[in-house]
Colleague: 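Structure incoming, see below.
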2 protein chains.
Amino acid sequence: MSNNKAPKSVTLHDVAREAGVSLITASRALGNPGMVSEKTIARVRKAVEATGYFPNLMAGGLKSRKSLMIAALVPNIAVAQFLPTVKALTDALDAAGYQLILGQTGYDHAREEALLNTMISRRPDGIVVTGLIHSQVSRDRLRRAGIPVVETWDLSDRPVDMAVGFSHVKVGSAVAGFFLNQGRRRVGIATGDDQRAAVRREGFIATVGHDVPTAVVPAPSSLELGRRALARLLEQDPKIEAIFCSSDQLAQGVMVEAQSRGLRMPEDLAICGFGDADFAAHMNPPLTTVQVDGAAIGAMAAKLLLDRCNGATIAEPVVDVGFRIVERGTT
Amino acid sequence: MSNNKAPKSVTLHDVAREAGVSLITASRALGNPGMVSEKTIARVRKAVEATGYFPNLMAGGLKSRKSLMIAALVPNIAVAQFLPTVKALTDALDAAGYQLILGQTGYDHAREEALLNTMISRRPDGIVVTGLIHSQVSRDRLRRAGIPVVETWDLSDRPVDMAVGFSHVKVGSAVAGFFLNQGRRRVGIATGDDQRAAVRREGFIATVGHDVPTAVVPAPSSLELGRRALARLLEQDPKIEAIFCSSDQLAQGVMVEAQSRGLRMPEDLAICGFGDADFAAHMNPPLTTVQVDGAAIGAMAAKLLLDRCNGATIAEPVVDVGFRIVERGTT
DNA sequence: CTGTTAGCGCCTTCAA
DNA sequence: TTGAAGGCGCTAACAG
């Protein structure tokens with residue numbers, strides 16, 4: 001009688017029998033309809049309905065060596081900054097029948113390496129990381145595994161494989177130049193503690209020509225942390241004239257704190273954010289900020305990966321999407 | 001000579017040979033160390049290093065019927081609302097060795113059904129959806145497939161399987177009661193066009209006792225859309241006294257527009273948002289809003305799923321996490 | 001256009 | 001504690 005095994009799931013074998021064709025014909029009818037006659041396809045389709053069959057992508061992927069999955073590593077999904085990228089990526093992949101597996105590195109290099117190992121074990125058809133991959137071991141491993149990789153939000157002379165981003169040094173430099181042009185010399189920085197923000201700071205300082213007051217706050221940045229950052233900067237230089245913030249959230253906090261201290265913007269204090277969050281244009285005064293097209297980064301990363309999956313050779317494996325300073329009321 | 005095949009990847013077979021043990025012993029040394037002697041484990045570990053072996057979870061999962069993946073369906077990853085949930089979910093799953101596969105339904109029922117089918121084909125060990133699953137076909141399918149499912153951000157008398165959320169009807173009702181208590185009768189609603197917001201609106205109207213002016217905006221809601229929503233509400237009732245917004249982003253826009261029209265809050269106009277975004281407490285005036293613990297929802301969903309994966313029986317398959325109105329300066 | 005054969009890489013079952 | 005055999009569900013490769 002019926003023993004207590006798990007209710008054996010319907011397989012392609014059952015479908016084939018129901019349709020009165022061989023296993024492989026059923027397989028082709030579903031995955032490669034061009035090779036099968038209309039009539040057979042119809043029979044198989046009907047058999048699928050009748051049996052309630054669902055393909056098993058694990059089994060298929062094992063043989064075909066295609067998982068139809070792309071792994072994405074972000075520092076922290078809750079950082080609004082990367083959302084448009086993840087969204088654009090997911091949208092583009094979905095449209096091509098691929099799904100995204102998500103991993104959070106928490107800005108932690110060891111965690112990143114561990115996560116990368118896990119992801120490799122899943123045999124994704126591609127990997128997207130935010131920022132450059134830090135561990136040399138991981139870099140080598142990925143190259144050897146031959147998995148297409150896109151490093152995003154940053155540029156590198158020697159990416160693991162492909163890269164889509166912009167130069168953070170140039171961003172810092174551009175903002176510093178912008179402040180200096182306005183005649184503001186007493187400048188400072190409120191920044192998150194991540195690698196890319198640190199590089200922007202380096203570019204900023206290089207252009208200013210000397211070190212500047214800096215308040216570093218832990219990720220993820222928030223309005224609250226911005227308020228405290230301004231307090232700390234004013235301790236370092238009570239007459240500070242301009243502040244470059246590593247995110248608009250932080251800038252928002254700096255502005256709130258500045259207003260509560262009676263500082264006028266831009267007269268007493270100029271502020272430049274980073275990211276052009278949707279609220280930036282609607283603040284009072286509207287926030288000057290650095291705009292980066294995060295969605296374009298995600299879309300381009302998806303395109304590179306999908307092209308590669310389709311066997312294309314990528315002519316330009318490193319794509320610079322650039323940035324621009326959007327001048328508004330705070331400068 | 002070396003033919004042109006893909007560089008055959010290292011398998012457990014190679015590790016076993018290198019270690020001088022059988023295939024299955026190598027397998028156990030890695031996945032079930034309790035069954036193997038210390039010495040053998042060490043030998044296998046060394047062989048793993050030497051060969052550069054990476055397990056193939058697709059192959060392992062095929063036999064063991066465990067994918068160590070959880071599928072998560074959200075309407076739109078860019079909606080800040082669900083971020084804490086996705087983050088808490090990812091964190092909890094990561095810690096248990098599971099990864100998240102992400103899908104975006106775009107608030108579209110057909111898309112949701114298609115995505116669910118795709119996900120089923122991946123044989124995830126669990127599925128988390130935002131909101132209730134709409135398609136009856138999908139509901140039946142999931143039950144039959146026997147995949148653990150958690151429906152979140154909503155509650156249901158008869159969930160597909162498990163549910164973690166709160167009552168949107170009660171939220172609408174509570175906010176309406178709150179406004180009425182303040183003596184405000186000319187009330188209205190600015191809302192996104194999603195299902196849950198619609199239910200909150202129903203609760204609101206039921207308590208008010210009659211239909212109210214309503215401005216519906218498409219997802220995802222934004223500050224910009226909030227501004228337009230207020231304009232539309234003022235056309236419907238120039239003397240409107242209180243507005244319930246379906247998100248804090250929308251509320252923010254309503255406030256900006258109100259200020260630009262010279263309306264004072266809360267004297268001329270009361271506003272209540274939804275979600276308690278991080279900026280809500282820092283607006284001017286601070287925004288009254290409905291607070292829901294999205295992270296708790298994600299954490300609880302992960303717990304239910306992981307418990308189930310570990311064979312536990314869930315005593316309470318429906319968890320109400322509740323909500324509360326946070327009174328601030330706009331009411 | 002259809003079918004047969006032979007695995008993909010690993011783990012479960014049974015035996016030693 | 002270790003091993004041998006068999007198969008998870010599917011699809012390339014090669015016939016017909």
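Here is the naming used below: chain letters follow the sequence lines, and residue numbers restart at 1 for every chain. In this text, all values refer to a predicted model and were calculated from it rather than measured experimentally.
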Colleague: At less than 4.0 Å, is any side-chain N or O atom of Ser22(A) found next to OP1 or OP2 of dT4(C)? Yes or no.
Modeller: no
Colleague: Just the rounded figure in Å: distance from P of dT11(D) to CG of Leu68(A).
Modeller: 11 Å
Colleague: Find the distance Arg17(A):CZ to dG9(D):P and express it as a whole number of Å.
Modeller: 13 Å
Colleague: Is Thr25(A) close enough to dT2(C) that one of its side-chain N or O atoms is under 4.0 Å from OP1 or OP2 there?
Modeller: no
Colleague: Taking side chain to side chain donor-acceptor pair (under 3.5 Å) as the definition, give me every residue that meets it alongside Thr90(A), ordered by chain and number, with sequence neighbours left out.
Modeller: none
Colleague: Within this structure, what is the CD-to-P distance between Glu38(B) and dT2(D), rounded to whole angstrom?
Modeller: 11 Å
Colleague: Donor-acceptor pairs are to be reported for all side-chain atoms of residues 294-306 of chain A against protein atoms at under 3.5 Å, with residues two or more places apart or in another chain.
Modeller:
from	atom 1	to	atom 2	distance (Å)
Lys303(A)	NZ	Asp307(A)	OD2	2.7

Colleague: Table please: side-chain donor-acceptor pairs of residues 55-63 of chain A below 3.5 Å, with sequence neighbours left out.
Modeller:
from	atom 1	to	atom 2	distance (Å)
Asn56(A)	OD1	Met58(A)	N	2.8
Asn56(A)	OD1	Ala59(A)	N	3.2

Colleague: Can a salt bridge be assigned to the pair Asp94(A) and Arg111(B) using a cut-off of 4.0 Å between side-chain N and carboxylate O?
Modeller: yes
Colleague: Protein within reach of the bases, or only the backbone? For nucleotides 10-16 of chain C, mark each nucleotide 5' to 3' as B, S or -, using heavy atoms under 4.0 Å.
Modeller: SBB----
Colleague: Without decimals, in angstroms, what is the distance between Arg65(A) CZ and dC8(C) C1'?
Modeller: 7 Å
Colleague: Tell me whether the OP1 or OP2 atom of dT2(C) has a side-chain N or O from Thr40(A) closer than 4.0 Å.
Modeller: yes
Colleague: What residues form a side chain to side chain donor-acceptor pair (under 3.5 Å) with Ser138(B), not counting sequence neighbours?
Modeller: Ser135(B)
Colleague: Using whole Å, what does the distance between atom P of nucleotide dC1(C) and atom CE of Met35(A) come to?
Modeller: 10 Å
Colleague: What residues form a side chain to side chain donor-acceptor pair (under 3.5 Å) with Arg17(B), not counting sequence neighbours?
Modeller: Asp14(B)
Colleague: Whole-Å distance between dG9(D) P and Asp14(A) CG?
Modeller: 9 Å
Colleague: Between dT1(D) atom P and Ile41(B) atom CD1, what is the distance in whole Å?
Modeller: 10 Å
